[in-house]
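Start at 1 and go down the list; that is how both ligands and their atoms are numbered. Heavy-atom basis, side chains included; hydrogens, waters and symmetry copies ignored.
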Amino acid sequence: MIRTRRSCTVLFTLMSFLALGRARLAHAQTASLPPKLSVHWEELTAADFREGIRRSQGTCLLPFGILEKHGPHLPLGTDLLDVRYAALHAAEQEYAVVFPEYYFGQIAEAKHEPGTIAYSRSLQMALLQETTDEMARNGCKKVLIVNGHGGNEHLLPYFAQTQLDKPHDYVVYVFDERTPQAGGPAKKTKIDMHAGESETSKMMISRPDTVHLDRATNESGADQARQKLPDGVYTGIWWYARFPNHYSGDGSAATKELGQYQMSWWIDSVVKAIKAIKADDVSLKLQTEFYEKTTHPLETQP
Ligand SMILES: [Zn+2]
């Protein structure tokens with residue numbers, strides 16, 4: 001009885017020792033690998049956020065979407081869902097911290113449709129400026145806005161240009177491509193600007209559960225060409241004049257193959273942009289030099 005208890009104690013001690021050894025080994029193995037960090041800003045702890053900023057070399061992504069009708073068959077958040085899918089996958093490949101859901105852009109032209117959230121012009125600019133300022137205050141010295149919404153195509157370059165109006169210790173970059181010019185499966189439609197073949201195909205990759213392909217022909221996405229003006233004359237009502245259903249193209253032509261091709265292209269393009277921005281040591285230097293010169297333009301040498 002005593003002997004049994006003693007041998008049990010010896011065995012237990014030996015097992016504990018071995019277990020401790022294994023635990024130490026496991027700890028040493030994980031300590032040698034850098035811990036996996038989420039690319040989602042909101043999922044990081046404060047300490048991990050600090051490590052994320054170090055690992056991303058201060059490069060942060062701001063995927064920019066909108067809430068607007070997308071034809072009769074796609075969800076209101078299509079642009080945000082698609083752009084976040086591309087940006088998050090890109091950041092997984094080339095580490096960057098990705099800002100949470102942002103859909104506060106320009107969409108006045110869809111205010112006649114249900115579900116559109118169209119903030120005022122002044123709020124759009126103020127919110128975007130304060131957002132990038134706050135990102136920079138937290139170490140994002142290179143902010144890449146990845147645009148998912150065609151209606152922001154003038155807003156974002158204007159925002160980037162107006163960063164020169166007063167000194168900033170960070171650089172705003174804008175990436176505004178969503179669809180490759182050529183290549184991949186042949187497209188079946190000619191007009192393809194909004195909720196059409198390309199955008200519907202990409203949604204079949206990012207969120208197939210939200211695509212109602214059977215409803216894609218319930219409304220017309222044809223160009224109604226109701227305005228007769230020469231090329232080069234711009235009006236804000238041009239979009240409504242051409243596409244009053246807030247639908248441009250024919251989503252029923254969409255395929256998963258086209259979506260896969262375009263989404264892979266988009267992700268690769270964002271990866272290339274992140275790499276180039278990390279390597280860019282010129283923009284901030286020139287910006288700082290420029291700001292200094294703006295304080296004494298008469299002494300600026302040609
Ligand atoms: Zn869209």
Side-chain angles (χ1 to χ4, degrees), residues 61-90 101-119 124 128 145-157 174-181 184 187 189-213 215-223 236 238-256 258-267 269-270:
L61 306 189
L62 177 57
F64 198 148
I66 205 78
L67 290 172
E68 59 168 333
K69 179 185 174 187
H70 271 80
H73 61 295
L74 293 180
L76 300 169
T78 290
D79 291 352
L80 191 63
L81 294 166
D82 265 347
V83 72
R84 287 188 64 79
Y85 184 92
L88 289 164
H89 279 80
E101 276 81 359
Y102 193 95
Y103 52 86
F104 313 109
Q106 191 296 121
I107 190 55
E109 68 274 24
K111 281 180 87 168
H112 62 305
E113 299 286 6
T116 302
I117 294 294
Y119 292 101
Q124 288 168 44
L128 187 52
I145 302 175
V146 186
N147 186 28
H149 167 54
N152 288 335
E153 67 193 353
H154 303 298
L155 170 77
L156 290 174
V174 177
F175 184 74
D176 195 7
E177 304 281 340
R178 291 171 289 286
T179 307
Q181 297 295 327
K187 279 180 38 178
T189 58
K190 291 235 159 16
I191 293 179
D192 183 24
M193 282 195 274
H194 182 69
E197 187 178 358
S198 292
E199 197 164 40
T200 307
S201 296
K202 281 197 278 282
M203 279 298 276
M204 290 168 84
I205 302 303
S206 62
R207 282 297 302 272
D209 56 311
T210 64
V211 178
H212 305 280
L213 214 54
R215 302 184 203 166
T217 52
N218 286 3
E219 291 173 18
S220 169
D223 186 352
W238 76 272
W239 176 262
Y240 180 78
R242 291 180 64 181
F243 307 105
N245 297 328
H246 215 62
Y247 184 21
S248 165
D250 180 0
S252 72
T255 62
K256 268 202 143 160
L258 184 66
Q260 192 62 63
Y261 178 79
Q262 293 195 352
M263 194 52 96
S264 300
W265 176 88
W266 197 1
I267 294 168
S269 303
V270 177

Can you give the donor-acceptor pairs under 3.5 Å from side chains of residues 69-79 to other protein atoms, not counting sequence neighbours?
residue	atom	partner	partner atom	Å
K69	NZ	E219	OE1	2.6
K69	NZ	N245	O	2.9
H70	ND1	E68	O	3.1
H70	NE2	D79	OD1	2.9
H70	NE2	E199	OE2	3.4
H73	NE2	A195	O	3.2
H73	NE2	T200	OG1	3.0
T78	OG1	P75	O	2.6
D79	OD2	H149	ND1	3.0

- Message: Under a 3.5 Å distance rule, please check whether S220 uses its side chain to pair with a backbone N or O of A222 as donor and acceptor.
- Response: yes

- Around atom OH of Y103, are there more than 12 heavy atoms of other residues, nucleotides or ligands at under 6.0 Å? no

- Item | Pairing residues for E153 by the salt bridge (Lys or Arg N to Asp or Glu O under 4.0 Å) criterion, not counting sequence neighbours | none

- Have a look around the Zn ion (ligand 1) and list protein N/O/S atoms under 2.8 Å, or say none. H70 NE2, D79 OD1, E199 OE2

- Query: Hey, does F64 have a side-chain heavy atom less than 4.5 Å from the side chain of L155?
  - Reply: yes

- Query: Partners of W265 by side-chain hydrogen bond (donor to acceptor under 3.5 Å, both in side chains), sequence neighbours excluded?
  - Reply: none

